[in-house]
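Here the structure comes first, spelled out in structure tokens, and everything after it is commentary.
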Amino acid sequence: MSSAYDRLDPRVRKWVYKQGWPDLRPLQKSAIPAILARDRDVLISAGTAAGKTEAFFLPACSAVADITSGFGIVYISPLKALINDQYRRLESLGEALDMPVTPWHGDILQSKKKKARTSPSGILLITPESLESLLINSSGWLKQAFSPVAYIVIDEFHAFIGTERGMQLLSLLNRIDHVLSRHANPIPRVALSATLGELDKVPELLRPDKLLPCETVTDDSSKATLQVQVKGYMESVSEEGEEPQNSAEKHVCADIFRLCRGDSHLVFANSRRRTESIAATLSDMCEEHIVPNEFFPHHGSLARELRETLEARLQKGNLPTTAICTMTLELGIDIGKVQSVIQVTPPHSVSSLRQRMGRSGRRDSPSVLRMLITEDELTATSSIVDQLRLQMVQSMAMIRLMISQRWFEPADTCQMHYSTLLHQILAITAQWGGVRADQLWSQLCQTGPFRNVELTDFKSLLKHMGACGLLTQLASGEMVIGAEGEKLTNHYTFYAVFNTPEEFRIVTGSRTLGTVPIDSPLLPEQHIIFGGRRWKVTEIEVEKKVIYVEATKGGQPPKFSGGGMSVHDVVRQEMLAIYRENDYRIAVGNQRVDYADAAARNLFAEGRDNFQRFNLQNTHFIASGQHCYVLPWMGDKVVNTMTALLLRSGFKANSYAGVIEVGDSIVASVQQALKEILLSGLPSEFELAADVPDKYLDKYDEYLPESLLAKGYGAKAFDVEGTRTWLQENLQ
DNA sequence: GACCTGCTGCGGCTTG
């Protein structure tokens with residue numbers, strides 16, 4: 001009987017044999033016929049270390065082995081580091097087939113790119129931004145070099161869904177099919193992804209025009225075991241005028257030191273500031289105990305050199321290493337085997353928690369997750385948020401959703417992405433030299449990814465782009481790049497669609513340690529923590545945007561800027577369920593599994609007692625001090641919407657952690673105002689956004705007409721329908 | 001209290 005394996009190229013089979021693999025994994029076997037068919041898209045969705053990369057490349061390389069001129073496979077990755085990893089992994093397979101592998105991104109030497117330009121062949125590994133630059137500057141070459149391409153494969157596809165880069169990526173894929181005149185027989189797209197919540201929705205996200213069918217290949221054998229613990233910590237609150245104690249963080253660090261030393265672990269600390277502070281404390285502890293330091297920070301503002309040293313140390317695995325990190329170590333960069341994952345403070349989302357947990361454990365050992373959660377000691381002036389122990393209960397809700405409901409946040413695919421649409425209008429115009437408005441509309445909105453956009457809005461966008469000098473219309477009716485547009489498209493920063501704040505570089509001697517945002521003022525003589533070490537600022541060169549530092553003792557990490565992240569409706573509803581059931585444990589059969597330590601249990605009991613004392617099982621509105629508090633137990637979009645409605649009605653309202661504080665008001669008047677709003681009809685997201693003074697969030701928002709700016713902002717920040725439903729159900 | 005990602009072409013310099 002001929003198996004799927006026998007359909008692989010003999011040289012590929014020989015390569016598999018040489019790896020010493022006893023057999024291909026089930027996922028890899030089932031991908032073979034799907035990939036070899038070449039008449040469909042394929043979604044390969046599986047957990048970490050399931051062998052997704054090989055599941056695609058073994059059959060794909062077999063299919064394109066005979067192509068001698070031009071690329072056979074184009075691989076797209078969101079990270080340069082991932083391209084470097086895959087290059088290392090694919091080199092020997094490429095050699096076995098006499099097929100070159102070409103990494104192509106901003107750090108690759110010009111000489112290497114020139115070589116690939118003269119004789120393109122084999123596998124191209126590239127970022128969306130580098131693809132953008134090739135389409136704009138070298139579409140003629142691309143037409144030749146890409147003509148034999150049999151597959152376009154996208155790694156970490158889940159990281160693109162619903163994002164700006166995801167919209168750009170889909171548009172790039174469309175533009176490639178267009179350049180190659182392949183609308184009739186499009187290039188098959190293959191998505192490699194972590195396990196996804198709504199698998200049936202992915203094909204449409206991979207190819208909005210549905211011109212090819214999509215086959216899904218998944219790995220259902222993943223019955224990974226999991227060990228979870230939540231540990232509580234109490235922060236003693238200092239009297240007025242006293243120095244803050246940070247006693248809880250010291251206890252957290254002492255536990256990390258005890259749990260992690262001697263092995264390899266990941267500690268996710270949520271912010272760069274906390275990452276730095278914990279890393280420095282742990283290094284100090286190593287010094288105090290006279291043992292070598294094995295704790296290092298890893299985050300996006302750290303110089304690449306420092307990050308790569310740590311990644312290589314983790315990957316090698318010969319020295320015990322614990323990385324204190326942000327989401328930089330969440331995606332698939334190869335870091336070898338990790339004993340356990342520690343999460344300090346609640347994660348931002350269940351989906352990110354899942355991704356982080358997947359970083360520990362392998363087939364033979366369970367995933368181990370510990371959550372270390374700090375709450376402030378209660379005093380006479382403690383806020384409702386502290387009294388309810390919302391941090392602790394949110395952590396518990398996220399664990400329950402992840403484990404017993406197997407739920408996590410779906411990607412938000414309802415955004416308008418006007419900033420990215422504007423970028424793609426400029427990019428296509430730059431690529432073609434001149435283009436008609438109807439061609440843009442057809443390629444971007446009708447057959448392309450911007451399907452939420454209405455024709456009237458598209459027209460007003462083009463008009464406004466003309467008024468801003470981004471586009472100019474010729475007498476023939478064709479659009480070309482205008483004077484202001486030239487400035488944008490001729491600069492190398494054009495290729496990325498996302499925003500980056502201005503930054504200072506931190507330098508010691510001749511070495512760059514990393515960057516800090518320009519709005520975080522540092523002063524000469526100030527002591528700071530950076531890269532897990534302590535420094536003194538010696539000099540600041542404002543024009544060159546450089547801060548010089550030298551080694552010292554003491555100091556605090558700098559402040560980094562960043563936008564908020566929103567909590568989903570389902571998470572807040574699960575928190576309410578935990579309070580109401582008076583039980584945070586996980587049901588397994590007839591048993592209830594407790595995952596909290598004594599301190600966490602005590603904090604939960606405190607929160608629940610206060611929940612009952614406020615009568616929150618029966619009401620969403622409470623009075624405390626001078627204020628009225630509204631607790632809708634809904635996600636941040638609904639909370640933002642209700643806060644905005646109350647502000648419009650003249651109340652002093654603000655929200656934190658899902659709790660709305662209405663200043664100097666009584667419950668009855670807040671309820672009455674909301675009833676009136678419900679009766680007279682709620683304003684739209686658009687109208688609410690019009691009240692917000694600063695709506696610039698995305699890279700090209702400043703070039704949008706006011707109406708689109710408000711529409712895009714409204715879709716991002718508010719949920720009027722969800723709020724209306726909540727008000728109908730909860731106002732008697 | 002708060003995350004991450006990416007980037008061209010060329011002039012001018014040093015070094016073998």
Side-chain angles (χ1 to χ4, degrees), chain A residues 76-83 104-111 113-114 117 126-138 155-156 158-160 163-169 172 235 244 268-277 297-302 304 307 325-333 343-349 351-353 355-356 373-376 383 385-386 390-391 394 420 423 427 430 488-501 503 514-515 517 519-520 557-567 636 654-659 698-699:
Chain A
I76 304 175
S77 153
L79 301 177
K80 293 185 287 190
L82 211 53
I83 287 178
W104 189 301
H105 58 67
D107 300 339
I108 301 293
L109 290 175
Q110 285 294 326
S111 53
K113 292 181 185 169
K114 277 208 179 102
R117 267 187 197 271
I126 193 166
T127 60
E129 287 74 15
S130 286
L131 253 186
E132 181 71 81
S133 102
L134 286 179
L135 274 168
I136 292 178
N137 303 310
S138 320
D155 206 354
E156 306 277 3
H158 58 276
F160 284 110
T163 68
E164 311 220 20
R165 282 179 101 196
M167 296 300 276
Q168 179 189 28
L169 173 68
L172 289 167
E235 183 76 84
F268 288 95
N270 280 354
S271 75
R272 286 170 283 194
R273 188 178 162 83
R274 194 179 295 111
T275 297
E276 285 288 358
S277 149
H298 192 284
H299 58 76
S301 297
L302 216 53
R304 200 175 68 237
R307 287 160 64 169
C325 57
T326 60
M327 64 174 286
T328 43
L329 289 183
E330 224 174 86
L331 286 181
I333 302 171
Q343 170 73 45
V344 182
T345 69
H348 302 303
S349 65
S351 77
S352 134
L353 179 63
Q355 194 79 17
R356 290 172 183 188
I373 307 299
T374 301
E375 291 275 5
D376 280 353
S383 70
V385 171
D386 287 332
L390 286 180
Q391 300 268 306
Q394 185 184 322
T420 308
H423 177 272
L488 293 184
T489 55
N490 285 342
H491 199 263
Y492 71 94
T493 53
F494 178 68
Y495 307 114
V497 291
F498 53 88
N499 232 340
T500 342
E503 290 176 319
T515 57
D519 53 8
S520 144
K559 284 203 168 68
F560 297 90
S561 52
M565 268 157 286
S566 61
V567 174
D636 284 327
N654 65 74
S655 72
Y656 174 61
V659 177
D698 297 332
K699 193 173 177 191

Taking side chain to side chain contact (heavy atoms under 4.5 Å, CB included) as the test, write out the residues that go with [X], two or more places apart.
X: A:Arg117; answer: A:Trp104, A:Leu134, A:Ser138, A:Trp141
X: A:Asn499; answer: A:Lys699
X: A:Thr374; answer: A:Tyr233, A:Glu235, A:Ala248, A:Val252
X: A:Ala81; answer: A:Ile333

Going by side chain to side chain donor-acceptor pair (under 3.5 Å), A:His299 matches just one of A:Arg307, A:Arg272, A:Glu276. Which one?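 Only one option passes, and that is A:Glu276.
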Using atom [atom1] of [X] as one end and atom [atom2] of [N] as the other, report the distance to the nearest whole Å.
X: A:Ile76; N: B:dG6; atom1: CD1; atom2: P; result: 14 Å
X: A:Asp636; N: B:dG1; atom1: CG; atom2: C1'; result: 12 Å
X: A:Ile126; N: B:dT5; atom1: CD1; atom2: C1'; result: 16 Å
X: A:Met327; N: B:dA2; atom1: CE; atom2: P; result: 15 Å
X: A:Arg304; N: B:dT5; atom1: CZ; atom2: C1'; result: 14 Å
X: A:His299; N: B:dC3; atom1: NE2; atom2: C1'; result: 12 Å
X: A:Leu390; N: B:dG1; atom1: CG; atom2: C1'; result: 13 Å
X: A:Leu169; N: B:dG6; atom1: CG; atom2: C1'; result: 13 Å

Does a nitrogen or oxygen in the side chain of A:Arg274 sit under 4.0 Å from OP1 or OP2 of B:dA2?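 Looking at the OP1 and OP2 atoms of B:dA2, one of them is under 4.0 Å from a side-chain N or O of A:Arg274.
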Within the pair A:Arg272 and B:dC4, is there a side-chain N or O less than 4.0 Å away from OP1 or OP2?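 Indeed, a polar side-chain atom of A:Arg272 lies that close.
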Determine yes or no for a side-chain-to-main-chain donor-acceptor pair under 3.5 angstrom, with A:Glu129 supplying the side chain and A:Leu131 the backbone. no
Excluding sequence neighbours, so at least two apart, what forms salt bridge (charged side-chain N to carboxylate O under 4.0 Å, His left out) with A:Glu164?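 Salt bridge (charged side-chain N to carboxylate O under 4.0 Å, His left out) list for A:Glu164, sorted by chain: empty.
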Ranking A:Leu79 and A:Gln391 by the position along DNA chain B of their nearest nucleotide, the one closer to 5' is A:Gln391
N/O contacts under 3.5 Å, protein versus nucleotides 7-11 of chain B?
{"unit_1": "B:dC7", "atom_1": "OP1", "unit_2": "A:Gly106", "atom_2": "N", "d": "3.0"}
{"unit_1": "B:dC7", "atom_1": "OP1", "unit_2": "A:Thr127", "atom_2": "OG1", "d": "2.7"}
{"unit_1": "B:dC7", "atom_1": "OP1", "unit_2": "A:Ser130", "atom_2": "OG", "d": "2.7"}
{"unit_1": "B:dC7", "atom_1": "OP2", "unit_2": "A:Gly106", "atom_2": "N", "d": "3.1"}
{"unit_1": "B:dC7", "atom_1": "O2", "unit_2": "A:Tyr492", "atom_2": "O", "d": "2.7"}
{"unit_1": "B:dC7", "atom_1": "O2", "unit_2": "A:Thr493", "atom_2": "N", "d": "3.3"}

At 4.0 Å (heavy atoms only), tell me whether A:Arg307 reaches a base, stays on the sugar-phosphate, or touches nothing. sugar-phosphate
Looking at the side chain of A:Tyr656, which of B:dT5, B:dG1, B:dC4 is the nearest nucleotide?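 Looking only at heavy atoms from C-beta outward on A:Tyr656, the closest nucleotide is B:dG1.
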